[in-house]
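Before any comments, here is the structure.
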Amino acid sequence: MKIPILILAVIFATTGCYEKSSKNQSSSKETKILKDTVTVVKEKNILNTINNQFSDVPNKSLPLVDSTNFDNYNHQQEIKNDLFFKKIAFKKDQPEVENSRLRYQLDFSERFQSVVISYYQGEHELFTTLIIIGKNDQIIDQLDIAYDEIAESAFRKTSSIDQNRIIVEDWNYMTDEPTKTVTAYQISKEGKFKLIPQ
């Protein structure tokens, strides 16, 4: 009598585990589909609004300082959108496209979009670039506004940005005393970076 009861108990326990496992697998599949859908919708929103405000990219107010470096940049938290970078032909056919992330946008003019991106070049260099995009979804101009490298930790770039100009500071730590080169730019009505004579 004990053996049939034991067999029945094993059958019920196994059936319950199978049903629970099936529910977990189903829930896992549903979660993955939901995540994939959210990613596609997010990329589609950015792609469709290239000539409007980017709904998913934060808009930063001016003035600001961009000092992006390996210590304060989190690649995983930034917005990845390969379709966007392909559409504007940023670094086309170069490996940097894979590592490019949308960071934030700036409001300089209604005639063009101003988007800041960051990307790794190799393992030891980090670039942050301000890109000006025209109504035809093409890059009008671009300017590196921050740079960091960890191979020798000898060079850095930071920028102060306001509505009328961009001040870029290039630091060189290779010498006994660090040296700084300052370059100033303004953005023309057409969206081009113009060097301001010092």
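Worth saying up front: this structure is predicted, and the values here are computed from it rather than measured.
If you chain together hydrophobic residues whose side chains sit under 4.5 Å apart, Ile139 and Tyr185 never meet in one group. Cluster annotation: Ile88 and Val57 are assigned to the same hydrophobic cluster (Ile/Leu/Val/Met/Phe/Trp/Tyr, side-chain heavy-atom contacts under 4.5 Å, transitive). Under the 4.5 Å side-chain heavy-atom criterion for ILVMFWY residues, a single connected hydrophobic cluster contains both Phe108 and Leu195.
One finds the OG1 atom of Thr129 at 5.0 Å from the CD1 atom of Ile117 (value rounded to the nearest 0.5 Å). Between atom CD1 of residue Ile131 and atom CG of residue Leu106 there is a gap of 12.0 Å, rounded to the nearest 0.5 Å. Interatomic distance, Ile161 CD1 to Leu130 CG, rounded to the nearest 0.5 Å: 6.0 Å. Rounding to the nearest 0.5 angstrom, the gap separating the CD atom in Glu78 from the OG atom in Ser100 is 12.0 Å. Interatomic distance, Leu143 CG to Ser159 OG, rounded to the nearest 0.5 Å: 6.5 Å. Asp137 CG to Gln113 CD: the interatomic distance, rounded to the nearest 0.5 Å, is 9.5 Å.
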Q.
Applying side-chain contact (heavy atoms from CB on, under 4.5 Å) to Leu64 and Tyr104, what does each step give before you reach the verdict?
A. CA-CA 12 Å; Leu64 66 83; Tyr104 58 89; 3.8 Å; yes
Q. Does the pair Ser118 and Arg101 meet the rule for a side chain to side chain donor-acceptor pair (under 3.5 Å), with working shown?
A. CA-CA 5 Å; Ser118 289; Arg101 298 291 187 269; over 6 Å; no
(Q) Go through it in stages, so that I can follow the logic: the residues are Trp171 and Phe155, the test is side-chain contact (heavy atoms from CB on, under 4.5 Å), and I'd like the CA-CA distance, side-chain angles, deciding distance and then a yes or no. (A) CA-CA 6 Å; Trp171 288 90; Phe155 301 98; over 6 Å; no
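Considering every non-hydrogen atom in both Arg156 and Ser67, the closest pair reads NH2-O, 3.6 Å. The heavy-atom pair separating Ile133 from Val115 by the smallest distance is CD1-CG2, 4.2 Å. Across all their heavy atoms, Ile132 and Ser114 have their closest contact at CD1-OG, 3.5 Å. Taking every heavy atom of both residues into account, Lys135 and Arg111 meet most closely at CE-O, 3.5 Å. Of all heavy-atom pairs between Ile140 and Gly191, the closest is CG2-O, 3.5 Å. Nearest heavy-atom pair across Asp141 and Phe193 is OD2-N, 2.8 Å.
Counting only residues at least two apart or on different chains, no side chain to side chain donor-acceptor pair (under 3.5 Å) pair has a member in residues 173-183. Within the structure, every pair that satisfies the salt bridge (Lys or Arg N to Asp or Glu O under 4.0 Å) test and touches residues 157-166, not counting sequence neighbours, is listed here: Lys157-Asp170. Judged as a salt bridge (Lys or Arg N to Asp or Glu O under 4.0 Å), not a single pair has a partner in residues 181-198 (not counting sequence neighbours).
For the side-chain contact (heavy atoms from CB on, under 4.5 Å) with Gln186, the lone residue among Asn164, Ile196, Ile166 that qualifies is Ile196. With respect to Phe90, the ring-ring contact (aromatic ring centres under 6.0 Å, His included) criterion is satisfied by exactly one of Phe84, Phe127, Tyr119: Tyr119. The side-chain contact (heavy atoms from CB on, under 4.5 Å) test with Thr68 is passed by exactly one of Thr128, Thr158, Ile145, Val116: Thr128.
The closest donor-acceptor contact from the side chain of Asp144 to the backbone of Ala146 lies at 3.5 Å or more, if one exists at all. In terms of modelled atom types and a separation under 3.5 Å, the side chain of Gln121 and the main chain of Glu125 share no donor-acceptor contact.
Between Tyr73 and Tyr120, the two ring planes are perpendicular [angle over 60°; tilted spans 30° to 60°].
Glu152 has its side chain within reach of Met174: a pair of non-hydrogen atoms, C-beta onward, lies under 4.5 Å apart.
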